[in-house]
Structures are given as C-alpha cells and as structure tokens.
Number of protein chains: 2
Amino acid sequence: MGTSQRSGCPINLTLELLGDQWSLIVIRDIMFGRRRHFRELITKSEEGIASNVLADRLRRLVENGLLSKRDDPAHKQKAIYSLTEASIELVPLLVQVGAWGRRHTPADPVLAKRAKQLEEGGPKKWKALMAHLRASHIGPPSA
Amino acid sequence: MGTSQRSGCPINLTLELLGDQWSLIVIRDIMFGRRRHFRELITKSEEGIASNVLADRLRRLVENGLLSKRDDPAHKQKAIYSLTEASIELVPLLVQVGAWGRRHTPADPVLAKRAKQLEEGGPKKWKALMAHLRASHIGPPSA
DNA sequence: CCCAACCAGTTGCAATATGCAATCGGTTCC
DNA sequence: GGAACCGATTGCATATTGCAACTGGTTGGG
C-alpha cells in the first residue's frame, strides 16, 4: 500500500493516506477522546478496533507524519502518540465529516452534540480548537 | 458490510458509508468530471478502478442514497447515474479533503487548481456549485 | 522479593475484499 | 450483417480484516 500513487489528484492522495475504515477513527479518538496510549485506544474504543489493525494504523500514521510517537518518561513500556501539525489541520475536514454524518446518517444525538457545536461554532471555533491541540500535542513554538 | 453499525458517532457512520479507497473517487468523477455512465467512469478513470469494484461501489452508493440510477432514454442499455441531495451535500467535505491534500500531499498543481479555486472561493462558491449540481442532477424543484 | 496487573504489540487462522483479465448477452451504428 | 459499444459478471491470485490467543517485558503493592 506504500508507494501506489494512483494519481496526483489531491482528493485521491488524501484517500490513499486516510481512505479506510480506521485511520480517521484513530485520529478522532486521539483528537477528541484524549487517548494517547495504545491501551487507551484499544480498551476505550467505541467501535472495537482489533489490536493488530490498530498497531498497523498507528505505524502507518506515524510513517506518514500524521502522528508522532515518543516514550513515556514515566513508564518504560508506554508509548505516547501525539497529533502533528498535519493531523491537527484535519480539523476542518473532520468537522465536515461530522456535519454530513449528522444530517445524513442515523447518528446518536448525544454523540453528535460535539459535532454540532463545532459545526455551528464556525471556522473561528475550529481555529481555537486547533490552537489548543497544538499546545497539548506539539508544545509551545519555542520548546 | 451492510448493517455493521459499529457506533452511532456521526464520523464513524460516515466512514462506514464512504470510508474506502473508491467511493469518494466515484462521486468526485460524477461531480467534477461530468461522468454519468459506467463506461465513462471506467475508461476515463485517472486512477484505474476495476470494473467489478466500480459495479460494487455504484450499487452500494445507489443503495445508500448517494447516487440515483435511471435508464437513458436514448439508449436502452445505458444507465445514467446522478448525484442526490445527500451526495451534493458532500461538496464542503470534498473541498476540505482537497484542501488538506493540497497542503499535505505531493499533489499535482494542475489537478489541484480546481481544489484551490473552490477552497479560496469559500462557502459562497460551494453553495453556487451545489445549486448548479442540483440543477443538472436533480432537476428544477418543480419537476 | 514475588506475583498479579498492565504494557505494546505479535501470531495464526478463517473470512472477506481487492486487482486483474477475460468474458457475457444484448444494443446500436454504419 | 458485423464491428463497436453497453453495463456489468466470472474466475482466480493476492491482500486486508476480524478475532482470539499469546509474547516478552515492566510496574506497583504486599
């Protein structure tokens, strides 16, 4: 799946990276669900991702610059996954995915609440969220 | 793949419908590439979709209300595929997919040109495009 | 010190999906 | 009447997914 390069269309290239059932779910959980470790992603997964698939997706997302991985200083075995600038810039895309899902799928109103707030908050709110994510995943600019 | 219902999250439900390598490519080609027939989608496909996969995706997209299918009055064998209101409302989502791809993938500048224009045109331009698509795919409101 | 719980994955296997090329029965054009 | 065109379908090799069990190592409490 690596260097396929079906075409240079930006939509196609994005789908080659993220067009599967799980990649955006993993990013959603890290972005909105505050998960940072493998175990958290597995055990708190609403959709029940399999551990081998999660391992594969995390590896590929890191490989493609959508996540970064580092050791947890407090625990030799724990790995901390963080969003990168590239994945933080998926916020507007995810907002539109949520907005469409809210209107055209039988989405649970409770789960759709955050999607609705982000959608109605507009670009201003998205940018605030993105700034917040940068602070907690990438750290201050001079760090 | 039918009634999986992994969760009621709007992002998840959207990915269950459209989260694969080809569905959004097919919609992109119908939406921006003015393809309306099976043959057009196959022979003019930049990415080279296989005919069995295209047949499957068209069937599923029709089944899920993202496309409609009708007979071509001018040719007994031809089927005309049209966008529906649901897929026309994917415009903002596709704009964001294109916008992200333009920034974060090695997209061809020529192919990225329309993505750039739509992105920079803002919601006003998207709505104009959506109105145009409604006119040519769904027909006038009182028809 | 010891053991249970926890850590990030890996392995094996069956089921499913994809990619590819050839082909089908029917239609239309010349 | 024959070639080109129509929307698919078929058969087959390969790749991906889902599931459950398991691995080697770490940590914290008693």
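Each chain gets a letter, A, B and so on, in the order its sequence line appears, and its residues count up from 1.
- Applying the side-chain hydrogen bond (donor to acceptor under 3.5 Å, both in side chains) test between A/E119 and each of A/Q96, A/R102, A/R114, A/K125 identifies A/R102 as the sole match.
- Summarising the geometry, the separation between CD on A/E47 and C1' on D/dT17 is reported as 16 Å, rounded to the nearest angstrom.
- Put simply, the side chain of B/D20 does not reach to within 4.5 Å of the side chain of A/D20, judged on heavy atoms.
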message: Would B/L18 and B/L61 count as a side-chain contact (heavy atoms from CB on, under 4.5 Å) here? Give the steps.
response: CA-CA 9 Å; B/L18 302 170; B/L61 289 170; 4.2 Å; yes
Measure all distances between protein nitrogen or oxygen atoms and nitrogen or oxygen atoms of nucleotides 28-30 of chain C, and list the pairs falling under 3.5 Å.
from	atom 1	to	atom 2	distance (Å)
C/dT28	OP1	B/K76	N	2.8

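- Nearer the 5' end of DNA chain D, as judged by each residue's closest nucleotide, is the contact made by B/R36, out of B/R36 and A/R39.
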Check nucleotides 19-22 of chain D against the protein and report each pair of N or O atoms closer than 3.5 Å, with its distance, or say if there are none.
from	atom 1	to	atom 2	distance (Å)
D/dC19	N4	A/N52	ND2	2.5

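- For the pair B/E40 and B/R36, the salt-bridge criterion is not met [side-chain N within less than 4.0 Å of a carboxylate O].
- A side-chain donor-acceptor contact under 3.5 Å links B/S87 to the backbone of B/T84.
- More than 12 non-hydrogen atoms from other residues, nucleotides or ligands lie less than 6.0 angstrom from NE2 of A/H75.
- The distance from atom CH2 of A/W22 to atom CZ of A/R28, rounded to the nearest 0.5 Å, is 9.0 Å.
- Comparing C/dA8, D/dA8, D/dG18 by their closest approach to the side chain of A/W22 singles out D/dG18.
- Regarding A/H37, its NE2 atom lies at a distance of 12 Å from the C1' atom of C/dC6, rounded to whole Å.
- Look at CD on B/E40: it is 12 Å from C1' on D/dC6, rounded to the nearest Å.
- Computed from coordinates, the B/F38 CZ to C/dG26 P distance equals 18 Å when rounded to whole Å.
- At a threshold of 4.5 Å between non-hydrogen side-chain atoms, the residues A/I80 and A/H37 count as touching.
- The distance between atom CG of B/L54 and atom P of C/dA21, rounded to the nearest whole Å, is 16 Å.
- Per the geometry, CD belonging to B/Q21 stands 16 Å off P belonging to D/dA15, to the nearest Å.
- The residues A/E46 and B/R6 are annotated as not salt-bridged, no charged nitrogen and carboxylate oxygen being separated by less than 4.0 angstrom.
- Comparing D/dA8, C/dG9, C/dT18 against the side chain of A/Y81 picks out C/dG9 as the nearest.
- Rounded to whole angstrom, the span from the CZ atom of B/R35 across to the C1' atom of D/dG7 amounts to 17 Å.
- Taking atom CZ on B/R59 and atom P on D/dA8, their separation rounds to 11 Å, with Å as the unit.
- For A/K69 and C/dG9, the shortest distance from a side-chain N or O to OP1 or OP2 is below 4.0 Å.
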